[in-house]
Amino acid sequence: MRSLPTRRIAAVALTAAASVVALAGPAFAHVTVNPGAAAQGGYTAVDFRVPNESDTASTVKLEVNLPLDHPLASVRTLPLPGWTAAVEKAKLDKPIKVHGNDVTEAVSKITWTADAGAKIAPGQFQEFRVSLGPLPTDTDNLVFKTLQTYDNGDISRWIDETKDGQPEPAKPAPVLKLTKAAEGDGHGVTASPAATAGSSDHAAASGDAGSSDSTARTLGVVGIVVGVIGTAVGVLGLRRKSGSAS
């Protein structure tokens with residue numbers, strides 16, 4: 001009869017560990033923008049971080065749609081070995097003014113296609129870097145609806161927008177949050193090329209910090225799981241010793 005409480009304790013511990021893993025998993029499975037925030041009116045460099053969710057298929061194409069209701073005059077991709085980037089532009093209904101000039105078209109889509117032998121295999125992820133700017137000052141976020149294509153023909157559509165006060169959708173679109181620029185920080189649209197380059201370098205450093213934060217969160221989750229299992233093992237040991245002594 002003494003073994004019953006012990007089994008219950010072990011079951012509870014294992015259930016708790018499984019719950020932690022289940023809760024942590026989805027947080028790292030979405031296509032995301034990293035870093036997730038940038039200053040309005042400035043330039044930044046971001047990574048579209050793409051995890052492969054399939055256990056049997058590999059990702060071979062990524063399509064990122066840029067919002068034309070808040071167009072970006074300058075969009076550049078960083079070369080990625082094994083992938084070919086294609087940039088599409090569209091005419092704007094209303095021109096925007098950048099550095100005193102009228103801009104009548106903007107990038108509407110970026111498509112990365114894997115070259116022969118390249119892919120994002122099961123259990124892997126890839127980052128696709130883009131520089132963007134000037135970031136709009138009339139909105140607090142930019143939504144990038146994204147399609148992820150697998151080599152078996154499946155397509156994950158990361159296009160659902162998260163609504164305030166509602167649960168996150170199953171396939172949320174990547175979002176870049178925009179914050180008010182601090183006065184005198186050089187993020188205005190009239191910034192010089194040197195200031196623009198400095199902003200991009202700062203964004204790259206922020207991206208590295210974001211990656212470190214994700215790693216820290218992952219290690220934290222692993223630590224919690226190990227702690228729960230260790231507690232269960234300790235309790236089992238105490239129970240066995242108690243049973244032997246009696």
Heavy-atom closest contact (H30 atom, P51 atom, distance):
O-CD, 3.5 Å
Do you know the tightest heavy-atom contact between G41 and P134?
O-CB, 4.0 Å
Less than 4.5 Å apart, any side-chain heavy atom of W158 and any of K145?
no
For the residue pair K61 and L147, establish whether any side-chain heavy-atom pair is separated by less than 4.5 Å.
no
Side-chain ion pair, D47 and R129, N-O less than 4.0 Å:
yes
Could you report the tightest heavy-atom contact between K180 and T137, atom names first, then the distance?
NZ-O, 4.4 Å
When you compare the side chain of N52 with that of Y150, does any pair of heavy atoms fall below 4.5 Å?
yes
Give a yes or no on whether V175 and V75 share a hydrophobic cluster (residues Ile, Leu, Val, Met, Phe, Trp, Tyr; joining criterion: side-chain heavy atoms under 4.5 Å apart).
no
Distance-only, no hydrogens or angles: does the E88 side chain make a donor-acceptor pair with backbone N or O of I110 under 3.5 Å?
no
Pair T84, D115: side-chain N/O donor-acceptor within cut-off below 3.5 Å:
yes
How far apart are the C-alpha atoms of L132 and Y43, what are their side-chain angles, what is the distance that settles it, and do they pass the side chain to side chain contact (heavy atoms under 4.5 Å, CB included) test?
CA-CA 6 Å; L132 307 169; Y43 291 76; over 6 Å; no
Residue D102 excluded, over 12 heavy atoms near CG under 6.0 Å
yes
Would you mind reporting whether L135 and T44 have side-chain heavy atoms less than 4.5 Å apart?
yes
Between D138 and H70, is a side chain to side chain contact (heavy atoms under 4.5 Å, CB included) present by the stated rule, with each step listed?
CA-CA 8 Å; D138 58 348; H70 298 291; 3.2 Å; yes
Should T162 and P169 count as side-chain neighbours, where that means a heavy-atom distance under 4.5 Å?
yes
For A57, is there any backbone N or O sitting under 3.5 Å from a side-chain donor or acceptor partner on D151?
no
Hey, does W112 have a side-chain heavy atom less than 4.5 Å from the side chain of T77?
yes
Between E168 and K163, is there a salt bridge with N-O shorter than 4.0 Å?
no
Co-membership, hydrophobic cluster, residues V87 and F48, 4.5 Å side-chain
yes
With side chains defined as the heavy atoms from C-beta onward, is the minimum distance between L92 and T104 less than 4.5 Å?
no
Evaluate the ring planes of F128 and W83, with Trp represented by its six-membered ring, and classify them as parallel (under 30°), tilted (30 to 60°) or perpendicular (over 60°).
perpendicular
Please name the pair of heavy atoms, one in L176 and one in P35, separated by the smallest distance, quoted to 0.1 Å.
CD1-O, 3.6 Å
Give me the atom names and distance for the closest heavy-atom approach of L142 to P67.
CD2-CG, 3.9 Å
With rounding to the nearest 0.5 Å, note down the distance linking OG in S156 to CG in D154.
7.5 Å
Beyond-backbone contact of N141 with L178, side-chain heavy atoms, under 4.5 angstrom:
no
To the nearest 0.5 Å, tell me how far E127 CD sits from N34 CG.
6.5 Å
Taking all non-hydrogen atoms of both residues into account, name the closest pair between A118 and G82 and its distance.
CB-O, 3.1 Å
Distance from N152 atom CG to S58 atom OG, nearest 0.5 Å?
9.0 Å
With side chain to side chain contact (heavy atoms under 4.5 Å, CB included) as the test, would you mind laying out the steps for T146 and N65 before giving the verdict?
CA-CA 6 Å; T146 301; N65 293 278; over 6 Å; no
Please assess L66 against S108 for the test side chain to side chain contact (heavy atoms under 4.5 Å, CB included), listing each intermediate value before the final yes or no.
CA-CA 5 Å; L66 282 70; S108 58; 5.8 Å; no
